[in-house]
2 protein chains.
Amino acid sequence: MADSRRRILEAARVVVAEQGYAAAQVAVVASVADVATGSVYRHFPSKASLFAEMLRAVCDRELAVVRAIADERDRPALERIGDAVATFADRALRGEGLAYAVIVEPMDPGVDQVRLAARARLAEVFGGLIEEGMAAGQLAAQDAGLRGAAVVGAMLEALVAPLSRRAAATATGGGAGYPGGRRPGTTTATPMDSDAGTPGGRRTGAAAPDREAITEEIAAFCRAAVGGFPAQKEDRK
Amino acid sequence: MADSRRRILEAARVVVAEQGYAAAQVAVVASVADVATGSVYRHFPSKASLFAEMLRAVCDRELAVVRAIADERDRPALERIGDAVATFADRALRGEGLAYAVIVEPMDPGVDQVRLAARARLAEVFGGLIEEGMAAGQLAAQDAGLRGAAVVGAMLEALVAPLSRRAAATATGGGAGYPGGRRPGTTTATPMDSDAGTPGGRRTGAAAPDREAITEEIAAFCRAAVGGFPAQKEDRK
DNA sequence: CTCCGGAATGAATCTCAGTTCATTAATGAA
DNA sequence: TTCATTAATGAACTGAGATTCATTCCGGAG
């Protein structure tokens, strides 16, 4: 049944989101998915491909959301950039799809390429937006590719601190070389609603007290970075 | 001899910088350092602690450079921010100390904490600079902590693309994650000239027609992000 | 010259997690 | 009901690589 496949993918996502990749052995994922260890290999050729596919799906969803905003051609580029950033951040902060681990925790090299690729695609989107803005005379001349990447980096790094509050340390007796062998009662926090709605998820109104503030601050940073300084001031926020 | 210790640390740095963490087995590092595998454990309690120490040293050096600029109290904060960013980026691009692998390649969890901590300290420096700027009335009100992190993220992410051009792929199975394990017998396949010389890192004199440009663009991005938009325009460029 | 103590050695050991596969259970057609 | 086909199972296997440790080596003291 192809339903097992879905369950395994979902289990992989949940385990990584809640426990970190280090804890995501095939056996653990299998047990969360309620299948036997060996069954995983009936659906995926290897552990790496399982996690790569999972990560790709998660990233694709977020990318789709951002792209949707980027494609609203009738709005000024700067505004779309701010909105896209804010939406991405907001979704990350409320755990819809992305999670601390998925953004910054390293998995193995094979899987990591997927994350890198996702970042690159995201950067492309922002780069494209910047180019549009320049073409429309709304933004000053700048290196769109580089700044697109910078926007992505700023956005993600700014999210790390807020997100890690929710994501306790992963640890794994591994690095014995260090005092304090972490393991503060395994996370298990996030309820992780079975699955976020469809990619359509836009920012919804009310939210946590500071979530809104964080989101807006990040967006403001990115808007200023790209259009704040030599551009014409016609676009006020 | 405490000299072995130094050599081992240096070897660890060289191997990671040139081959990536994936290739950095204890045996490889030992051979580069010209000591026996077991000798590594005479100086370090574990592989993780060796790499953690190495990474900490590298990061400390960069951090010191940035701090030195940040401490030039008589210059306007915004200027110092731009300078610090430019300097960090330039050093990274010419391989002085940092390298692609050190910035983005995942090591194991224990070691990664060191990288995370380094990023956090860097963010603090920028955050502090922003605060100074606000206190001096040079920068508009903003969340210094968050923006400090964003500056770091922007800077690092913008460096990834330029740096990865020089950073050979880490190999180790393709993204597809299919079987067919690489690694034919000897891991020591690579020649690995024992030189290592000074931390200078031999970089082909391909010059940097754009190194300067990249550096300046990143700095401009960060300056604009932090002070471009509502602040007084007294600081032009 | 011979004898210690500690450092270096590197092959052997141990661990651990991904992968395999012989076996069992389930489904459904004859 | 029975057989065939496919999915599921999970214990055993395997390989990679970190760690260990019995042994060798070396410099200096007696």
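Throughout, a chain's letter reflects where its sequence line sits, starting with A, and its residues are numbered from 1. Quick caveat: nothing in here was measured; it's all calculated off a predicted structure.
- Taking Ala144(B) as the reference, Ile130(B), Glu131(B), Met134(B) meet the side-chain contact (heavy atoms from CB on, under 4.5 Å) condition, with sequence neighbours excluded.
- Listed pair Ser4(A) / dA8(D) meets the phosphate criterion, a side-chain N or O lying under 4.0 Å from OP1 or OP2.
- For residues 29-48 of chain B, there are no ring-ring contact (aromatic ring centres under 6.0 Å, His included) pairs, not counting sequence neighbours.
- Legend: residues meeting side-chain contact (heavy atoms from CB on, under 4.5 Å) with Ala11(B), ordered by chain and number and at least two apart, are Val29(B), Val32(B), Ala33(B).
- Computed from coordinates, the Phe44(A) CZ to dA7(D) C1' distance equals 15 Å when rounded to whole Å.
- Atoms CD and CG, from Glu124(A) and Leu129(A) in turn, are 12.5 Å apart once rounded to the nearest 0.5 Å.
- One axis for each end of the helix from dC1(C)-dG30(D) to dA30(C)-dT1(D), each built from five base pairs, and the angle between them comes to 30° at 10° resolution.
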Run the salt bridge (charged side-chain N to carboxylate O under 4.0 Å, His left out) test on Asp112(B) and Arg115(B) for me, step by step, so that the C-alpha distance in whole Å, both residues' side-chain angles and the decisive distance to 0.1 Å come before the verdict.
CA-CA 5 Å; Asp112(B) 258 0; Arg115(B) 189 194 359 260; 2.6 Å; yes
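- Residue His43(A) places at least one side-chain N or O under 4.0 Å from the OP1 or OP2 atom of dA8(D).
- To the nearest 0.5 Å, atom CG of residue Asp90(A) and atom CD of residue Glu216(A) are 11.0 Å apart.
- The stretch residues 27-36 of chain A has no heavy atom under 4.0 angstrom from DNA chain C at all.
- Rounding to whole angstrom units, CG of residue Asp3(A) and P of dA7(D) are separated by 14 Å.
- Each of Lys47(B) and Arg42(B) was assigned the nucleotide of DNA chain D with the nearest heavy atom; the assignment lying further toward the 5' end belongs to Lys47(B).
- Within the 4.0 Å cut-off from OP1 or OP2 of dT9(D), at least one side-chain nitrogen or oxygen of Ser39(A) is found.
- Rounded to an integer number of Å, the gap from OH of Tyr21(B) to C1' of dA18(D) is 10 Å.
- You'll find that the side chain of Gln25(B) is closest to dA18(D), out of dA8(D), dA17(C), dA18(D).
- Of the residues Arg13(A), Arg5(A), Arg6(A), the one that meets the salt bridge (charged side-chain N to carboxylate O under 4.0 Å, His left out) test with Glu53(A) is Arg5(A).
- Across the interface with DNA chain C, nearest-nucleotide mapping of Thr37(B) and Thr37(A) shows Thr37(B) to be the residue nearer the 5′ end.
- Atom CG in Leu50(B) sits about 16 Å away from atom P in dG17(D), given to the nearest Å.
- Rounded to whole Å, atom C1' of dA8(C) lies 17 Å from atom CZ of Arg5(B).
- Between the P atom of dT20(D) and the OH atom of Tyr41(B) lies a distance of 7 Å, rounded to the nearest Å.
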Scan the side chains in residues 147-158 of chain A for donor-acceptor partners under 3.5 Å anywhere in the protein, sequence neighbours excluded, and list what turns up.
residue   : atom : partner   : partner atom : Å
Arg147(A) : NE   : Glu217(B) : OE2          : 2.7
Arg147(A) : NH1  : Ala225(A) : O            : 2.9
Arg147(A) : NH2  : Glu217(B) : OE2          : 3.4
Glu157(A) : OE1  : Arg119(B) : NH1          : 2.3

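- Remark: the backbone N or O of Ala70(A) is paired with a side-chain donor or acceptor of Arg80(A) at under 3.5 angstrom.
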